[in-house]
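A short write-up of the structure that comes next.
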Amino acid sequence: MVSAGLEILGLSLCVVGSLLVMVACGLPMWKVTAFIEANIVVAQTIWDGLWMSCVVQSTGQMQCKVHDSVLALSHDLQAARALTIISSVLGVLGLMVVIAGAQCTNCIRAEYVKARVVNAGGIIYIISGLFVLVPLCWMANNIISDFYNPQVPSSKKREIGAALYIGWAATALLLIGGTLLCCSCPASGNSGYSVKYAPTKRASQNGDYDKRNYV
């Protein structure tokens, strides 16, 4: 029962983490306009995402434009695109693997093999979390470096957007959930207690039992 509870908890965390990765991948709020110096009062806010850039007016009107060329993007955006997509695909793959080996399903009969399949699903989810963690940290490092770089104009400086925080939360859920799935131990083939039987007592040649049997 403990192992089954760990599987359910780990799988739930991983599924939520994978969904958050997909949400972060689609949101345009990876980089947000920094309101500093001359930009302290601005009538519009600029969002830069993996797939599009959006301009939000002070009136609430928003206009978005899809990036024209992938090659024209910065290296961190290109890497973030590829790695978040791979992480999302691994999340779906990990879900199928864990369901196939879960104790509540009958896809696999052998308990030992089922536990190993669940462990493999946990490893897939951990790799998925690491794949999405790399672009998040890379992007955050570039944003912070540009923010404190005096050579970058104030209008070009950005702050960390909500999508990065969602991605970090997703990474934590994937790593924790994957670790719980890896803790699923294979069921032992023994049924608990081992019963040992004493050897059969043999009679002596004259028909009486040997006195050594009673020692």
Side-chain angles (χ1 to χ4, degrees), residues 11-95 124-178:
L11 181 59
S12 301
L13 293 177
C14 290
V15 169
V16 175
S18 296
L19 293 177
L20 290 180
V21 170
M22 297 177 186
V23 171
C25 181
L27 286 178
M29 293 174 289
W30 283 65
K31 299 179 181 180
V32 183
T33 303
F35 296 103
I36 55 177
E37 297 179 0
N39 295 334
I40 192 86
V41 179
V42 181
Q44 62 183 17
T45 303
I46 300 176
W47 296 344
D48 292 327
L50 303 182
W51 311 97
M52 64 184 68
S53 296
C54 297
V55 177
V56 183
Q57 306 292 338
S58 58
T59 57
Q61 184 180 4
M62 182 173 62
Q63 296 178 345
C64 296
K65 179 184 178 182
V66 179
H67 296 308
D68 297 328
S69 174
V70 178
L71 300 179
L73 298 176
S74 58
H75 296 296
D76 54 353
L77 284 177
Q78 295 181 20
R81 269 191 178 189
L83 293 178
T84 50
I85 291 176
I86 294 175
S87 177
S88 301
V89 173
L90 287 177
V92 177
L93 177 61
L95 177 62
I124 292 175
Y125 274 120
I126 292 176
I127 296 175
S128 174
L130 294 177
F131 272 175
V132 75
L133 180 63
V134 171
L136 292 173
C137 295
W138 188 1
M139 187 85 65
N141 179 67
N142 289 346
I143 293 174
I144 295 172
S145 299
D146 292 342
F147 187 86
Y148 291 106
N149 188 356
Q151 298 181 354
V152 177
S154 300
S155 59
K156 298 294 184 180
K157 293 184 178 181
R158 298 289 184 263
E159 290 183 351
I160 297 175
L164 270 70
Y165 295 105
I166 295 176
W168 279 319
T171 301
L173 293 176
L174 288 172
L175 295 179
I176 296 174

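These numbers were taken from a predicted model, which means no experiment stands behind them.
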Worksheet item: So which heavy atom on Val21 is nearest to which on Ala170, and how close?
Response: CG2-CB, 3.6 Å

Under 3.5 Å, which donor-acceptor pairs do the side chains of residues 46-53 form with other protein atoms, sequence neighbours left out?
from	atom 1	to	atom 2	distance (Å)
Asp48	OD1	Ser53	OG	3.2
Asp48	OD2	Arg158	NE	3.2
Trp51	NE1	Cys25	O	2.9

Worksheet item: What pair of heavy atoms forms the shortest contact from Arg81 to Thr84, and how long is it?
Response: O-OG1, 3.1 Å

Worksheet item: Given side chains that start at C-beta, do those of Met29 and Thr45 come closer than 4.5 Å, heavy atoms only?
Response: no

Fill in: Nearest heavy atoms of Leu173 and Leu13, plus distance in Å
CB-O, 3.6 Å

Worksheet item: If you measure from NZ on Lys31 to CD1 on Ile160, what distance do you get to the nearest 0.5 Å?
Response: 11.5 Å

Worksheet entry | Gap separating the CG atom of Leu83 from the CG atom of Leu90, nearest 0.5 angstrom | 10.5 Å

Show me the donor-acceptor pairs within less than 3.5 Å that the side chains of residues 124-146 make with the rest of the protein, sequence neighbours left out.
from	atom 1	to	atom 2	distance (Å)
Tyr125	OH	Gly91	O	3.1
Tyr125	OH	Leu95	N	3.0
Ser128	OG	Ser87	O	2.9
Ser128	OG	Ser87	OG	2.8
Asn142	ND2	Asp76	OD2	3.1
Ser145	OG	Asn141	O	2.8

Discussion item. If the condition is side-chain contact (heavy atoms from CB on, under 4.5 Å), which residues does Ala24 pass it with, not counting sequence neighbours?
Written reply: Ile166

